[in-house]
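Taking it in order: structure first as structure tokens, then the write-up.
First listed ligand is number 1; within each ligand, the first listed atom is number 1. This structure is a prediction, so every number in the text was calculated from the model and none was measured. Values reported hereafter were calculated over all heavy atoms of this structure, with side chains retained and with hydrogens, waters and symmetry mates removed.
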Amino acid sequence: MRHPPPAMTDRPKRTIDTQAVHAGEPRSYPYDALAAPIAQTATYTFRNTQELHDYFQGKTEREEYGRYGNPTVRLVEEKVAALEGADDAVAFASGMAAVTTTILALVKSGSHVILFSDCYRRTRQFVKTVLGRFGVEHTLVPPADLDALKAAIRPETRLIVSEAPTNPFNTVLDLPKLAAIAKEHRVKTMIDSTFATPVNLRPFEHGIDLVVHSGTKYLGGHNDVLAGVVAGKHGFVSLIRDLRHVLGAVMDPHAAYLVHRGLKTLAVRVARQNQNAQALAEALEGHPKVKQVWYPGLPSHPQHAVARELMAPGYGGVVTFALDATLEQGSAFVDALEIPRIAPSLGGVESLVEQPALMSYYELTTEQRLEIGIPDELIRYAVGLEDPDELIADVLRGLERL
Ligand SMILES: *Cc1c(COP(=O)(O)O)cnc(C)c1O
């Protein structure tokens, strides 16, 4: 199946709010339905062998087999491409399927990859442990350090990988500078933009080659589906799509329906999550029981100036803070909270809270965690859509218990 470029239903270019609702969709679906249909099928039929000949000779645009394409999945791809301002996008079964397929499509034995050290743990593990077995080398550079990045570039460097903002400290990279350095050295750039969403930041518009999302988080937005998407230029996206056809980590049609529905409300959800997170960060900063708050919307954040230049209307829904407390006291604080649920993940309608030391980094000792910059007293709070005053009152009450 050859995939046509995204429908240009968003010309003249609309705001992200209007695009989220309409972009990438045909004006009518089968049966004149308003809502997107779920094409719940594993394969597609040919009425006769002539149709097969016509298809393989490129005379007809149609679907062939579920691993190669699905109309409901295609709707997600077209909407994300439009929201990112990219040429095209390709959807996956999960964020990690998107990350791994993209990196695999771009490197070969002997290639070198540069990662920022605060990169998503599983991405780092994939590059180090899996790609390392196939002769791909990598270098970790300190968060947001573009001088260290420049120094790490070698003739074999193929790809630079980062998140924007990063997990859990919300480090914000200067993307236009990163893109300029990469172009100068003919290195490709991949930004995991899960935390920002295209509502707050569009890396492709700043010269980044590939933008990846865990659609499980804000794009889906309801904590009910795993998904991944990659957006970029036609050439790269079709290269990645071809490898998806081989590796097979495709998005399921029903998952695609849920992500597509989630995308319709992305702009309003993220706008509210920006406001909730900003309010929570401001309430936490300066509280006697809170040592430090990492939120890009606070002037105290190390990259606040860069964030203000690149991000609008807000700075995302994740607030990370260090309590003036031990690991156990931190747990007592988390247990005292009545609104957020304790869970990994973020970006959905429900606020979620976690202690990174007890979640992603459980198997490490306190000393090992400190080596990679994760103190025991750290809390990651991913706001949902609840009332901000009630979220803050709940947190302040939790702090009183310390
Ligand atoms: C969750 C997450 C991933 C992985 O996505 P899955 O959908 O869980 O596979 C990758 N990057 C970031 C920044 C994430 O938050």
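Side-chain N/O atoms of His112 and Thr157 include a donor and acceptor closer than 3.5 Å. Between the side chains of Glu163 and Thr194, no donor-acceptor pair of N or O atoms lies under 3.5 Å. With no hydrogens or angles considered, a side-chain donor-acceptor pair links Gln125 and Arg122 at under 3.5 Å. Tyr44 and Asn70 share a donor-acceptor pair across their side chains, judged by distance under 3.5 Å alone. At a cut-off of 3.5 Å, with distance as the only test, no side-chain donor of Thr60 or Asp54 sits close to an acceptor on the other residue.
Phe46 pairs with exactly one of Tyr65, Tyr55, Phe56 by the ring-ring contact (aromatic ring centres under 6.0 Å, His included) rule, that one being Tyr55.
For the pair Glu386 (side chain) and Ser351 (backbone), a donor-acceptor distance under 3.5 Å is present.
Atoms of ligand 1 lying under 4.0 Å from any heavy atom of Thr194, numbered from 1 in the order shown and given with element: 12 (C), 13 (C), 15 (O). Residue Ala227 approaches ligand 1 through these ligand atoms, each under 4.0 Å from one of its heavy atoms: 7 (O). Contact atoms of ligand 1 toward Gly95: 5 (O), 6 (P), 7 (O), 9 (O) (distance under 4.0 Å to a heavy atom of the residue).
Taking all heavy atoms of Asp192, Val99, Thr100 into account, the minimum distance to atom 11 (N) of ligand 1 is reached by Asp192.
The shortest contact between atom 9 (O) of ligand 1 and any protein heavy atom is with Met96 N, 2.8 Å. Considering only non-hydrogen protein atoms, atom 7 (O) of ligand 1 sits nearest to Thr216 OG1, 2.6 Å. Given atom 5 (O) of ligand 1, the protein heavy atom at minimum distance is Ser214 OG, 3.0 Å.
Of the heavy atoms in Lys217, only side-chain atoms (C-beta onward) come closer than 4.0 Å to ligand 1.
By the 4.0 Å heavy-atom criterion, Pro344 is excluded from the residues contacting ligand 1.
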